[in-house]
2 protein chains.
Amino acid sequence: MKGSENANFIPNLSYDCVIFGFNGKTLKILILEYQNTGFFALPGGFIKKNQSLKEAVHQGVEERTGLKNVFLDQFQIFASLERSDPFAMRRILEANNKNIEENNWMMNRFITVGHYALINYEDVDPKPDHLSDSIGWYAIEDVPRLMMDHNDIVDKALEVLRNNISEKIIGMNLLPQKFTMKQLQQVFEAILDQKLRRTSFQRKMLSLDILERHEKLFEGKAHKAPYLYSFT
Amino acid sequence: MKGSENANFIPNLSYDCVIFGFNGKTLKILILEYQNTGFFALPGGFIKKNQSLKEAVHQGVEERTGLKNVFLDQFQIFASLERSDPFAMRRILEANNKNIEENNWMMNRFITVGHYALINYEDVDPKPDHLSDSIGWYAIEDVPRLMMDHNDIVDKALEVLRNNISEKIIGMNLLPQKFTMKQLQQVFEAILDQKLRRTSFQRKMLSLDILERHEKLFEGKAHKAPYLYSFT
DNA sequence: TATCTATTGTCTCACTTTATGACAATAATT
DNA sequence: AATTATTGTCATAAAGTGAGACAATAGATA
């Protein structure tokens, strides 16, 4: 049947990506809005037949953020029967004046591979893709209702980020190259959604032997200047 | 093209499962041998178009072990371009006198979802499937060379089991309902591949508040009888 | 029946790690 | 020179862990 498949892509398989950034105060993620539909969604896409999953996701992240080689983790498959929503896909295609017949394959069942990415907020210039008219940062507590099961994907990504990721990976990817101990602490407070004790945090981080101390940062404030650190 | 797809299954997607069992001494996994090929592989299969991934894997585990509702965790996708091996698939089909044309789809590229299962060794009566002539338990240190990237899947499953799983889940699923503290310790020693101190282990487990103490177990040995425990 | 053996449950003491608060140092302002 | 806000570090208490000691005990032995 015409359009029931696309020769370029592996059928029934997609990826979605929760792209985390830290603006100095709160943890944020990138969310797309599809033109004239009111639908919000995670950045995602399909895997070409001659492409590894990893390549596909890196390419998708680069298209939306301009960043290459970001930290990416593939954390779970979402494969229930109920998750696909052919009616929503049809509306998105219609709103973009795409030929429904030709794009019929997009209304099939999709099993998606959930990823999250950690990126340096300052480096990003978010760009919408060809089906969406906006892409923007949303604080983790202000994420709107997303399409299909994308809210579940966000929740699970955050859970994995909280539980399974090393201090070094978090700090290296969400902060600039040099940072103060306070900034590092604020990243963890934003991720864990709880205040941490300053002295314990500092002692713990220094004992992990993953930090290198550099010059002081003079912010022009009337108090002792903090050291800058980088990861070893 | 005839046989390039199978109408029942989602194309290009499979699952594989590392089924862990504990025989009282060592940690073992179930491995299949395909008829007349010398190929060893993990139990795995395909996902029907009207079936969730979870259902598919549970069904596959049940067919090989007779066990329903076992603990299952879907821990990673394996999606590189190099992982598929159409020549090996062809040999397996030939050795089983299967029609190559009709089963052409099995020689496509497959992305597989790696799972592991924890089961009670005593409850299992392993059964080969229609393409394999043997299925058996192999101690984790004696796993033979497996097809494709299945050894990588085993290694990763063990890594996840070691790092990310709670005491309760491990004990509940790998041991009988009632067990002694020594048995519990042996499970952990087998998984971690290291000896643990008896007294520290006992104190730790009791402090976790996940155990209920029952009657003593009289084994007929000339020493103090241990208590039996179950998980709360 | 009394003694012996192997293993279990618990306790102790030393050591390490973590929590919490105290305090001096200091960059800029007043 | 005194003040303010924040930083780096130390002191002490509390909690957790490692390593061994020891009494309790189920059955074997004599």
Side-chain angles (χ1 to χ4, degrees), chain A residues 22 24-25 162-163 165-168 170-171 175-232, chain B residues 22-26 162-163 165-168 170-171 175-232:
Chain A
F22 179 69
K25 300 200 78 175
R162 281 181 178 152
N163 296 328
I165 311 301
S166 80
E167 288 81 2
K168 186 166 174 173
I170 287 179
L175 286 175
Q177 209 250 321
K178 287 186 180 176
F179 50 86
T180 65
M181 193 59 77
K182 184 169 204 169
Q183 287 178 286
L184 186 58
Q185 186 177 338
Q186 285 170 326
V187 171
F188 282 87
E189 290 179 338
I191 290 174
L192 301 173
D193 194 27
Q194 60 175 315
K195 289 299 263 179
L196 301 175
R197 321 206 134 263
R198 186 180 63 91
T199 52
S200 301
F201 182 81
Q202 171 133 340
R203 179 161 36 81
K204 180 71 181 293
M205 287 298 142
L206 293 176
S207 75
L208 287 176
D209 209 36
I210 54 177
L211 293 178
E212 196 171 346
R213 181 177 282 185
H214 300 284
E215 72 280 7
K216 290 187 168 188
L217 171 66
F218 299 95
E219 294 173 283
K221 301 282 180 58
H223 55 73
K224 191 170 177 178
Y227 287 106
L228 286 168
Y229 296 88
S230 66
F231 287 95
T232 51
Chain B
F22 179 70
N23 71 347
K25 300 199 77 176
T26 57
R162 280 180 179 153
N163 297 327
I165 310 301
S166 79
E167 287 81 2
K168 186 165 174 173
I170 288 180
L175 286 175
Q177 208 250 322
K178 286 187 182 178
F179 49 87
T180 64
M181 191 61 77
K182 183 169 203 168
Q183 286 177 289
L184 186 59
Q185 184 176 341
Q186 284 171 325
V187 171
F188 282 87
E189 289 179 338
I191 290 175
L192 300 173
D193 194 26
Q194 59 175 317
K195 287 298 262 180
L196 302 175
R197 327 213 125 257
R198 185 179 64 89
T199 54
S200 303
F201 181 81
Q202 171 136 340
R203 184 177 40 189
K204 181 70 182 291
M205 287 298 142
L206 293 177
S207 75
L208 288 177
D209 209 35
I210 52 178
L211 294 178
E212 196 171 347
R213 181 177 282 185
H214 300 283
E215 73 279 8
K216 290 188 169 190
L217 172 66
F218 298 95
E219 296 172 286
K221 302 280 180 60
H223 55 74
K224 192 170 176 177
Y227 287 105
L228 285 169
Y229 295 88
S230 66
F231 286 95
T232 52

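Every chain is numbered from 1 and lettered A, B, ... according to where its sequence line falls, protein lines coming before strand lines. Predicted model, so just to flag it, every value in this text is computed and none were measured.
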Rounded distance (nearest 0.5 Å) linking atom [atom1] of [X] with atom [atom2] of [Y]:
X: B:F188; Y: B:D193; atom1: CZ; atom2: CG; result: 15.0 Å
X: B:I210; Y: B:M205; atom1: CD1; atom2: CE; result: 6.0 Å
X: B:F201; Y: B:K182; atom1: CZ; atom2: NZ; result: 12.5 Å

**Asked** Where do B:P226 and B:T180 come nearest, in terms of heavy atoms and distance?
**Response** CG-CG2, 3.8 Å
**Request:** Could you pull out the closest heavy-atom pair between B:I170 and B:V187, with the gap in Å?
**Result:** CG2-CG1, 3.6 Å
Does anything in [range] come within less than 4.0 Å of DNA chain D? Heavy atoms only, and list the residues if so.
range: residues 178-192 of chain A; answer: A:K182
range: residues 224-232 of chain A; answer: A:K224, A:P226, A:Y227
range: residues 202-222 of chain B; answer: B:R203, B:K204, B:K216, B:F218, B:G220, B:K221, B:A222

**Request:** For D:dG18, take OP1 and OP2 only and decide whether either is under 4.0 Å from a side-chain N or O of B:S200.
**Result:** yes
**Asked** Distance-only, no hydrogens or angles: does the A:K168 side chain make a donor-acceptor pair with backbone N or O of A:T232 under 3.5 Å?
**Response** yes
**Message:** Please report the distance, rounded to the nearest Å, between CZ in A:R197 and P in D:dC10.
**Reply:** 20 Å
**Asked** Rounded to the Å, how far apart are B:F201 CZ and C:dG9 C1'?
**Response** 15 Å
**Item:** B:Q185: side chain to side chain donor-acceptor pair (under 3.5 Å) partners, not counting sequence neighbours
**Value:** B:E189
**Message:** Among residues at least two apart in sequence or on other chains, which ones pass side chain to side chain donor-acceptor pair (under 3.5 Å) with A:R213?
**Reply:** A:Y229
**Message:** Before we go on, tell me: are the rings of B:F179 and B:F231 under 6.0 Å apart, centre to centre?
**Reply:** yes
Quick one: side chains of residues 214-222 of chain B, donor-acceptor pairs under 3.5 Å with protein atoms, not counting sequence neighbours, listed by atom name and distance.
residue, atom, partner, partner atom, Å
B:H214, NE2, B:S230, OG, 2.6
B:E215, OE1, B:K178, NZ, 3.4
B:E215, OE2, B:K178, NZ, 3.3

**Request:** Measure distances between side-chain N and O atoms of A:R198 and base N and O atoms of D:dG8, and say whether any donor-acceptor pair falls under 3.5 Å.
**Result:** yes
